[in-house]
Structures are given as C-alpha cells and as structure tokens.
Amino acid sequence: MLMTRSHLSDATLHKLPAGTKIPAYDRGRVARGIVHLGVGAFHRAHQAAYVDECMAAGETGWGIVGVSLRSPDTRDALSPQDGLYTLAIRSSGEEELRVIGSIQSMLVAPEDPGAVLAALTDPRTRIVTLTITEKAYLRAAGGGLDTAHPDIIHDLANPQMPRTAHGFLAEALTRRLAAGTPPFTVLCCDNLPANGATLHRLLTEFAALRDGSLSAAGDTGIADHIANQVAFPSSMVDRIVPATTDADRTRIAGELGVDDAWPVMTEPFRQWVVEDNFSAGRPDWEKFGVTMVGDVGPFEDMKLRLLNGAHSGIAYLGLLSGHATVDRAFADPAIRRFVDGLWAEAIPTLPEDAGLDTATYTAELAERFSNTALAHRTAQIANDGSQKLPQRIIASAIECLEAGTEFVHLTLVVAAWIAACAARGKTLPENHFTDPLDAALTALLDQQLPANETVTAVFDLAGFARDHAERQTLIELTAVHLVHLRRDGPILAFAALGI
Ligand code: CS2
C-alpha cells in the first residue's frame, strides 16, 4: 500500500518529534510589519530566523510578507505549509532542526505586481528588507544605475506594473507619500559595499528618471522625497547557506515525520550588524544577537574582503582543481595556504581603529569553511563573479596599490575567475555556473586572445577598476597568473607564488 506522509503546516506542528524547535508564539496573533523582497534560502536562514525569535519574545508586530521578484517556486513550496519551513543548523557532528514561523504570506511579483504594491503601501509595513543578489541592483559597469537595462526601461514606462526592486520601491513610496503614510525604512541585506547607501543612490537615480518621464502628468518630486526623507540603513549580513538538495529534503522528512517541500540548510554561525537608522520603528533585534551600530562600513569591508573574497578564491581555484565543495577545496593544502596569503594581503586594507579582531575572525572563518556537513558547492559561489569581485577582491587590490604594498594572491582570484569561465563546456560542465555577462564573456573567451588582451577586455566588460590610475597594473598582474593557469592550471599558478 502506498503511504502518503502529511506535510509541514500549522496543523501538523504538534506531530513533530520532541527535539524540534517550533514557533513559540500564536501565529494567528502576528501582525504584518515587514515586506521582504527576494525570499530565497538566505533570507529564510537569516533575517526570518531573527524575526522569529523576536516574535517568540512577544514582538508580534513584525510578521513578514515574503515577495519573490521572479520565480513562484518558494511560494509554491511554502504556501501549502502556511509559510512554515525547517531550518537545519548543521555542523560537522550535529544537526539542530528549527521550524520558523515568521513568514506569514508570500507573493510572486510577476503574477500580481498590484498585490506587492498593496503590501508595500499598507501602513502596517514599516520596514522593507531586501536580499535580491548583487545583479538585481542593476548597476552599470561604472557603478550607476544601468539605465539601458530592459527592466529599468520597462519600469519607467509602466510605473504601476513594475518588475524591478527599484520600480516597486519608487511606486510604493510615491503612493505612501500621496496617502500621507510615512515612508518605510529600506534595509538592504545584500553583499554590496555600503549596501544601504548604494541602494539609496541607485533608487534616487531611478526616481529622478521616473520624475522626468512622469512630469507631463504632474506626478513629480519622488526623487527628492527618497533622497531626503527615506532611511536606508546599511547592514552586514552573514550566514553560509548552501542550496537545498533533494537528499536534504528526504533526510529532513525522515527526521520530522512530515514532508517539508523546501527546508533550508545552514551553519550554526550567524551575524547581523545593522546601522541604527530606522524612521518607522524596528524590532528589538539587539536582544537576539544583532549588533546595532552607527557605522557598518568596517564590518562590511571585513566580511566582504575576508569571507566573501576567500570564498570566491576557494570557488574558482577549487573548481579548477576539481573540488566540488568548499570544505574539500579548503582541505587542499595548496588552497588553504593560498587563503592565508589572501587574508594577509586583504587585512591591512581594513581600518585599524574600528576595533576589528581579524585574527579571531579568520580563525572562525577557517572553522566555518571546514564544516563538512554543509557541502557548500563551489559552483554555487562561482555564480555572478562579475558582480562580486569588485567589492571582494578588486577594492582590496586597488587599496594595496595606493598604499604601495605588494600583493599576488588577490589578482590570482581574478585570473582564476576568467580561467573557470573559459573552462565551462570544456573541463567543467557547460552551465556549471552563470554570470549576467555570460554572452559577452563567452564570445570573448572563445577568441582565445593572449592573456593580456583577454584580461583587458574582461576589465572593460565588467568595469573593474574603471577610471583608476592602477587599472593597467592590475591588468598586468592578473595576466601573469592567467598565463600560468592556461599553461598548467592552479599547480603552476601556486608554484609561482611559492605555495
Ligand atoms: C557566498 C556568499 O555565494 C557566495 O558568493 O560567498 O553567499 C556567502 O556564503 C555569504 O555571504 C555568507 O554570509
């Protein structure tokens, strides 16, 4: 007889095994307070877990409306489960299962942009958080808004039916202003440098274009409002969240005794450092381990340059060395030594007077990268290198050059990215990882130009070090590594570094 197992939902919470943590509050009494754009696994392992703890402590006014800007998959998985999902917190020896209840409802923007605008315009919504990934901010190679992007053009022409985060935020803030509803705080949680300020600048740029194109209708002034009256605190978010696999789903269902269509895997470590600048209130996050500060900058730089920079190095050099996961790559003695070298170059670029403890931080990172229970795929981190390397690697390299300090490891990450892109369809599977610049990158790499010309063209395409006096030096340093990688892979590149 075929046995069908029931699925996770409010009705089955009481059936879960005793060791599973479940929402310790009445979900029916939670009121909406946050709209989150980009409700992927990262949000569900990080911000939603912090909010869940606030709710358990009685702060029930911050329920989350989760919005997917593209795909219906998360909504399709979680709606039948009343928004519940399992967070599996995994370390090499142990696993803790926690059911999170802070997501009240889910919307899919392309299906119903009007419903998303209604949620954003609802006066109960006081914070809008975002994890939409680097590429969804639609920055042009020079750093400003990519005004030629088809979705930006679309959103300027169709303000009531937006597709982009910029379009949704600008229209919602316009409607709130017209209705006399105070603006929400916009809390960016993506891995961008000065992420709040960056989004503030891009959205103001978008709104100015929108004001221009709507001026005939007399509907102007939103750019000024956004520039001067909306709070955009920056925040540094950190938790490693590998993509869920079918094996994870089967294992979690076995442990819970009910099916969960989309459990989220993560590590025990988590960190959230937030600039304390909220215009319409916020949960008492500091009671739950969030660090509220006046300036997030030093924490962001430390995380982007030491964690994410090393991650990108491990991903590209790991892929070129045949390692499918971070823990395996990091267990490779050459890659391990490479990461130490990378950290030694990046650490002096961080502010000395900000109280950062880089020794403890890197020791913790080494432990986190060694977590064998995560099976964090190198190919997952390899995605979108053109969007990630500027803040993870190029920024440190430029500062080293400006300070006159020598470096070799930083530029090897850039060369390894180029080599890994070129290896797709050859030694790596065709679409093993992707990048928004793939069409142009592939066309360029197919030409097999000499290393120097290749690196120059890639820097042009991606806008790396654009307008910096040190650009040419960076290109030359990167090209030396690319020559080695092309000739004999990471072995020769490492040998040239004395690794
Ligand atoms: C990773 C990050 O995929 C990547 O590029 O470097 O997602 C990383 O795992 C998180 O930033 C950790 O907080």
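We count ligands from 1, going down the list as the structure has it; atoms in each ligand are counted the same way.
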Whether Arg392 lies under 4.0 Å from ligand 1, heavy atom: yes

Using heavy atoms and a 4.0 Å limit, tell me yes or no: is Lys303 in contact with ligand 1? yes

Can you sort out which atoms of ligand 1 are near His376, meaning under 4.0 Å from one of its heavy atoms? 9 (O)

Per-atom filter on ligand 1: closer than 4.0 angstrom to a heavy atom of Lys388 are 3 (O), 4 (C), 5 (O)

Could you see which bit of Asn191 sits under 4.0 Å from ligand 1, with heavy atoms only: side chain, backbone, both or neither? side chain

Is it the case that the side chain of [X] and the backbone of [Y] share a donor-acceptor pair, with hydrogens and angles ignored and the cut-off at 3.5 Å?
X: Thr164; Y: Asp151; answer: no
X: Glu345; Y: His409; answer: yes
X: Arg90; Y: Ala373; answer: yes

Look at the aromatic rings of Phe232 and His200 and report parallel, tilted or perpendicular, splitting at 30° and 60°. parallel

Tell me whether Gln380 has any N or O atom under 3.5 angstrom from an N or O of ligand 1. no

Indicate yes or no: does an N/O atom of Asp238 lie under 3.5 Å from an N/O atom of ligand 1? yes

Starting from atom 2 (C) of ligand 1, what is the nearest protein heavy atom, named by residue and atom, and what distance separates them? Asn308 ND2, 3.6 Å

Identify the protein heavy atom lying closest to atom 6 (O) of ligand 1, giving its residue, its atom name and the separation to 0.1 Å. His311 ND1, 2.8 Å

Pair Asp276 + Arg282: basic N to acidic O under 4.0 Å: yes

Salt-bridged, Arg305 to Glu399, with N to O below 4.0 Å? yes

Test ring pair (Phe, Tyr, Trp, His ring centres under 6.0 Å), reference His311, set Tyr316, Phe330, Phe369, output is Phe369

